[in-house]
Amino acid sequence: MSAPNIASELTSGNLSFGLTGLDLILETNNKHIKLLKTFNQSQANLNLLTPLSWSKSLNLPPLRLCLTPILSTKYQQISKHYITTKNIKQLHVTKSKSTTEIEPFVGISNIIIDITSSGSTAKTNLLNSSPTSLILTSTLCMFYNQTYKISSKINTLIHILCHLLTSNTTHNSTSNNLNTKPKPNTHTSQTQPNVGNITITTPPILFPHHHETIPTQVLISSQSPNPSLPHHELTTNIRHIRT
Ligand SMILES: Nc1ncnc2c1ncn2[C@@H]1O[C@H](COP(=O)(O)OP(=O)(O)OP(=O)(O)O)[C@@H](O)[C@H]1O
Ligand SMILES: O=P(O)(O)OC[C@H]1O[C@H](OP(=O)(O)OP(=O)(O)O)[C@H](O)[C@@H]1O
């Protein structure tokens, strides 16, 4: 299940908890979604990007010369809030329907708000960001929908999962892709029964001895309560966990 889908399924109530980007949850503007834990992997910045030929200041001629300056973005809610707080309400915000970075060059928009990480995509597309154009820094986070009553078993599983992901971040930074399908794991020898909507497959003893490195894998499976919706799976391969 993709990060945007997890955010929308959390919002619609088809998921009780999930891992996705902070930016995507802020964009939903849903007060029922609460942050459980922040992870450091997958950091990305949401930036206001202008064509390199423009000045960094929104008050300089290029933008003023546009009769209806258009800002395109996939983050409409965040963008509208941002331009309101910056008092640049004359901008018209439009939903980006294609690759956002090219929209200023094909006449769809004048400026954009989009994700940057290394900055190479912006650079390749002759777009400029500045420290003052940073809107927010997003990371991978665990969220839950507070309209659900989280049972103590589910709560325990969430904590185990957070612990595993934290350990994974600390000790194995190369295996943090949550969309990675788990490789066959010959060490997996015990499957716990389904608890709610979650299945966790672990070695016989999850946390054996301190400082022992163990291989394990986690499968989170969310069976939608609505049979007409597809069955979703989020898998993560977590190996070499030190406890
Ligand atoms: N270069 C990047 N580095 C780190 N995080 C990123 C980067 N690009 C996007 N993200 C984060 O990934 C999440 C978006 O996930 P993803 O990239 O799968 O979405 P998408 O490509 O827009 O959607 P889809 O996969 O459905 O086309 C957001 O939380 C965003 O902050
Ligand atoms: O600064 P960089 O490291 O170059 O990363 C920025 C790119 O990452 C995001 O795209 P994403 O990977 O989410 O794919 P998308 O085009 O499907 O949104 C964003 O939209 C940029 O295209």
Side-chain angles (χ1 to χ4, degrees), residues 1-12 14-15 17-30 33-52 56 70-82 93-106 108-145 162 165 168-169 172-181 220 222 224 229-237:
M1 193 170 186
S2 73
N5 279 349
I6 290 171
S8 65
E9 295 289 281
L10 267 170
T11 307
S12 59
N14 292 323
L15 282 178
F17 71 93
L19 284 161
T20 188
L22 176 64
D23 53 341
L24 300 175
I25 292 297
L26 290 175
E27 177 63 16
T28 69
N29 200 19
N30 185 318
I33 310 294
K34 300 293 176 193
L35 177 68
L36 270 175
K37 188 164 177 60
T38 300
F39 300 95
N40 289 328
Q41 60 258 65
S42 305
Q43 276 210 351
N45 294 324
L46 190 62
N47 273 300
L48 183 105
L49 299 167
T50 57
L52 267 184
K56 291 173 187 171
I70 298 171
L71 183 154
S72 61
T73 183
K74 290 186 173 139
Y75 297 84
Q76 281 182 292
Q77 301 309 318
I78 295 173
S79 299
K80 283 175 182 169
H81 183 257
Y82 175 76
V93 177
T94 183
K95 176 89 178 162
S96 167
K97 296 192 183 76
S98 60
T99 304
T100 313
E101 292 91 349
I102 65 163
E103 294 190 344
F105 299 96
V106 294
I108 292 174
S109 63
N110 306 106
I111 58 177
I112 66 169
I113 285 180
D114 200 14
I115 290 291
T116 62
S117 180
S118 65
S120 64
T121 306
K123 196 173 170 189
T124 305
N125 289 284
L126 304 177
L127 293 166
N128 183 57
S129 69
S130 68
T132 54
S133 66
L134 176 65
I135 297 169
L136 64 91
T137 297
S138 179
T139 59
L140 179 71
C141 296
M142 175 76 83
F143 297 95
Y144 74 102
N145 186 326
C162 287
L165 285 167
N168 188 43
T169 310
N172 187 8
S173 60
T174 58
S175 62
N176 59 13
N177 183 350
L178 293 177
N179 291 320
T180 306
K181 291 278 180 200
I220 312 165
S222 157
S224 167
L229 290 172
H231 174 87
H232 302 298
E233 264 189 7
L234 169 67
T235 58
T236 177
N237 189 21

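Counting convention: from 1, in listed order, for ligands and their atoms alike. Worth saying up front: this structure is predicted, and the values here are computed from it rather than measured.
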Say whether, by atom type as modelled, one donor and one acceptor occur between the side chain of [X] and the main chain of [Y] under 3.5 angstrom.
{"X": "T116", "Y": "G119", "result": "no"}
{"X": "S72", "Y": "T94", "result": "no"}
{"X": "Q77", "Y": "L26", "result": "no"}
{"X": "K74", "Y": "S98", "result": "yes"}
{"X": "S12", "Y": "S8", "result": "yes"}
{"X": "N145", "Y": "L10", "result": "yes"}

Closest protein heavy atom (residue, atom, distance) for atom 20 (O) of ligand 2: D114 OD2, 3.0 Å

Could you tell me the residue and atom name of the protein heavy atom closest to atom 2 (P) of ligand 2, and the distance to it rounded to 0.1 Å? S118 OG, 3.4 Å

Using every non-hydrogen atom in the two residues, find where Q43 and S117 come nearest and quote the distance to one decimal.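 Reported closest heavy-atom pair: O-OG, 3.8 Å.
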
On a heavy-atom basis, which atom in T139 and which in F39 lie closest, and how many Å separate them? CB-O, 3.2 Å

Ignoring angles and geometry beyond distance, decide whether Y75 reaches within less than 3.5 Å of ligand 1 through its nitrogen or oxygen atoms. no

Does ligand 2 come near enough to G119 that some N or O of the ligand is less than 3.5 Å from an N or O of the residue? yes

Could you list which atoms of ligand 2 come closer than 4.0 Å to a heavy atom of [X]?
{"X": "I115", "value": "6 (C), 19 (C), 21 (C)"}
{"X": "E101", "value": "19 (C), 20 (O), 21 (C), 22 (O)"}
{"X": "S120", "value": "1 (O), 4 (O)"}

Is any side-chain heavy atom of [Y] closer than 4.5 Å to one of [X]?
{"X": "I113", "Y": "L71", "value": "yes"}
{"X": "L136", "Y": "Y82", "value": "no"}
{"X": "F143", "Y": "T11", "value": "no"}

Mode of T121 contact toward ligand 2 - side chain, backbone, both, neither (heavy atoms, under 4.0 Å):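 Answer for T121: both.
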
For ligand 1, is there an atom lying under 4.0 Å from some heavy atom of K74? no

Per-atom contacts, ligand 1 versus [X] - under 4.0 Å to a heavy atom:
{"X": "I115", "answer": "7 (C), 8 (N), 9 (C), 31 (O)"}
{"X": "A3", "answer": "15 (O)"}
{"X": "G21", "answer": "29 (O)"}

Distance flag for [atom], protein heavy atom under 4.0 Å:
{"atom": "atom 14 (O) of ligand 2", "value": "no"}
{"atom": "atom 11 (P) of ligand 2", "value": "no"}
{"atom": "atom 5 (O) of ligand 2", "value": "yes"}
{"atom": "atom 18 (O) of ligand 2", "value": "no"}

Heavy-atom nearest option to atom 1 (N) of ligand 1, drawn from A44, S2, A7, S117: S117

